[in-house]
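Down below is the structure, laid out as structure tokens.
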Number of protein chains: 2
Amino acid sequence: MTRVLVIDDEPSILRALRINLSARQYEVSTAADGTSGLAAVARDRPDVLILDLGLPDMDGTEVISGVRGWTSIPIIVLSVWGQESMKVAALDAGADDYVTKPFGMDELLARLRAAVRRSAPAPDEPVVKTGHFTVDLAAKRVTRADQGDIRLTPTEWQILEILVRNRGRLVTQRQLLQEVWGPAYETESNYLRVYLAQLRRKLEPEASQPRYLLTEPGMGYRFQV
Amino acid sequence: MTRVLVIDDEPSILRALRINLSARQYEVSTAADGTSGLAAVARDRPDVLILDLGLPDMDGTEVISGVRGWTSIPIIVLSVWGQESMKVAALDAGADDYVTKPFGMDELLARLRAAVRRSAPAPDEPVVKTGHFTVDLAAKRVTRADQGDIRLTPTEWQILEILVRNRGRLVTQRQLLQEVWGPAYETESNYLRVYLAQLRRKLEPEASQPRYLLTEPGMGYRFQV
DNA sequence: AATGATCTTGATGAGGCCTTAACGCCGTCC
DNA sequence: GGACGGCGTTAAGGCCTCATCAAGATCATT
């Protein structure tokens, strides 16, 4: 289910969007100002962000920059008609699309679909096999050759997914922490040690001598294929 | 240089876009109908497509589908005001963005920048090969032809990365010290001697007679390809 | 409200990396 | 020819990072 976060200070718009989006099977969360909006992005990790530029506490482009600093989720911007310069500034700050109020719900929904479709990563090879286990990215499932399906916790899965998508490449600790826990946790490398140990215990044939989930001391981790 | 293909049947618009885009260093090609437009996409392989929906020979969504069948280049659609349903249909057919005529050139340019930025995600880093080993900058991996992967420490990797990025060029000791250890260590050239020796021992076929990691006495170091 | 799973946090020991110093070599300059 | 400075090499100690374990905190579910 696609998760949408709406940041807007007008209750009527929030209400209209919540109703229309929920009816179309989106999972909707809302925020009424820029500060709580930024917090909500880090906390909820939505798939799309709908952002009103006219917020009470922050300039719209600031919010965009704050989000773009660490994630590339699609941002659709709302603003009243006639503010050409703001429109340009928002797009340059990293927004993906722009809708002028008042807007038709059909148009917003179409732009939403387009934004989600664009951001959906190319389903290149959703299934990755190693000698001892198989990772199915599409089905979110891990199977071990000798003992069937493996249960992973949400956090374990997130980490494994990032490593598998970057298989062969080194992934820095910063990148992992940022994508799983958010930008405020960039230095909590202890989390990674704990979770990598758990993943190894669940996946590696010998957890103490990893063959697939490798540590590159001082740099990060690498999924070896 | 970014290549833009404009498909529109109105000469005045073609002319305006050609002038404005060329002035901003885009490489512009044009087509006046859907048939020749599709041919032009296949032939010119543009980086972005600007498409007018009101073409004489084909429906706009058909053109979009025809392009989307085999490539994922960004498509910005132009159409006259008020055609909500066409707008929705175009976005659902696979268009990336939508601009209503008459449009401000600033807005179109901003959307163009946004579209190009989105479509160019990974500035793919090169893989540099020598006769005896391979450096993959994206994967942060070094492979030696005769003995597989080589493990480098973070400092070793940083130095090698700088030298490889400047391959063929001389890199001064000051530049290396500054980028790896910071500006306070500009005179600690002993560090470089230690680490260059280690890199040579790990990478060179004969560490005592370096063929790739060359010293330029009194100046700095050079990665020879 | 209680239970179990999951996430966070801290402590500990081991290993590896960085730093530093010492020494020998080679070239240049006096 | 000798002194000097830059470079290559080696080795040892300190420190940082990693792996592991365990307990407390938080969350979800009943």
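We name chains A, B, ... by the order of the sequence lines, and we start the count at 1 in each one.
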Within the structure, does a side-chain N or O atom of [X] lie under 4.0 Å from either OP1 or OP2 of [N]?
| X | N | answer |
| --- | --- | --- |
| B/Arg193 | D/dT9 | no |
| A/Gln173 | D/dC18 | yes |
| B/Thr153 | C/dC17 | no |
| A/Arg151 | C/dT6 | yes |
| B/Tyr195 | C/dC18 | yes |
| B/Trp181 | C/dT19 | yes |

Heavy atoms only, 4.0 Å cut-off, all strands: where does [X] land among base, sugar-phosphate and nothing?
| X | answer |
| --- | --- |
| B/Ser208 | sugar-phosphate |
| B/Tyr221 | sugar-phosphate |
| A/Arg201 | nothing |

#### Entry: Whether A/Glu156 side chain and A/Thr153 backbone form a donor-acceptor pair below 3.5 Å
yes
Rounded to whole Å, how long is the line connecting atom [atom1] of [X] with atom [atom2] of [N]?
| X | N | atom1 | atom2 | answer |
| --- | --- | --- | --- | --- |
| A/Glu188 | C/dT8 | CD | C1' | 9 Å |
| A/Glu216 | C/dG16 | CD | C1' | 14 Å |
| B/Leu177 | C/dC18 | CG | C1' | 14 Å |
| A/Tyr191 | C/dG10 | OH | P | 9 Å |
| A/Leu214 | D/dT17 | CG | C1' | 17 Å |
| B/Asn190 | C/dC23 | CG | P | 14 Å |
| B/Leu196 | C/dC18 | CG | C1' | 16 Å |
| B/Gln209 | D/dC7 | CD | P | 19 Å |

Any idea which of [options] is nearest the [X] side chain?
| X | options | answer |
| --- | --- | --- |
| A/Thr215 | C/dT9, C/dC17, D/dC18 | D/dC18 |
| B/Val194 | D/dT20, C/dA5, C/dA21 | C/dA21 |
| B/Arg200 | D/dG8, C/dA21, C/dC7 | D/dG8 |

### Task
Please confirm whether B/Tyr195 and B/Trp181 have ring centers closer than 6.0 angstrom.
yes
### Summary
Of B/Glu156 and A/Pro154, the one whose nearest nucleotide on DNA chain C sits closer to the 5' end is A/Pro154
### Query
Just wondering, more than 12 heavy atoms not from B/Arg45 lying within 6.0 Å of its CZ?
no
### Task
Look at the aromatic rings of A/Tyr212 and A/Phe133 and report parallel, tilted or perpendicular, splitting at 30° and 60°.
perpendicular
#### Entry: side chain to side chain donor-acceptor pair (under 3.5 Å), paired with B/Thr215, selected from B/Arg222, B/Arg200, B/Arg193
B/Arg200
### Short side-chain donor-acceptor distance under 3.5 Å, B/Asp47 and B/Thr2
no
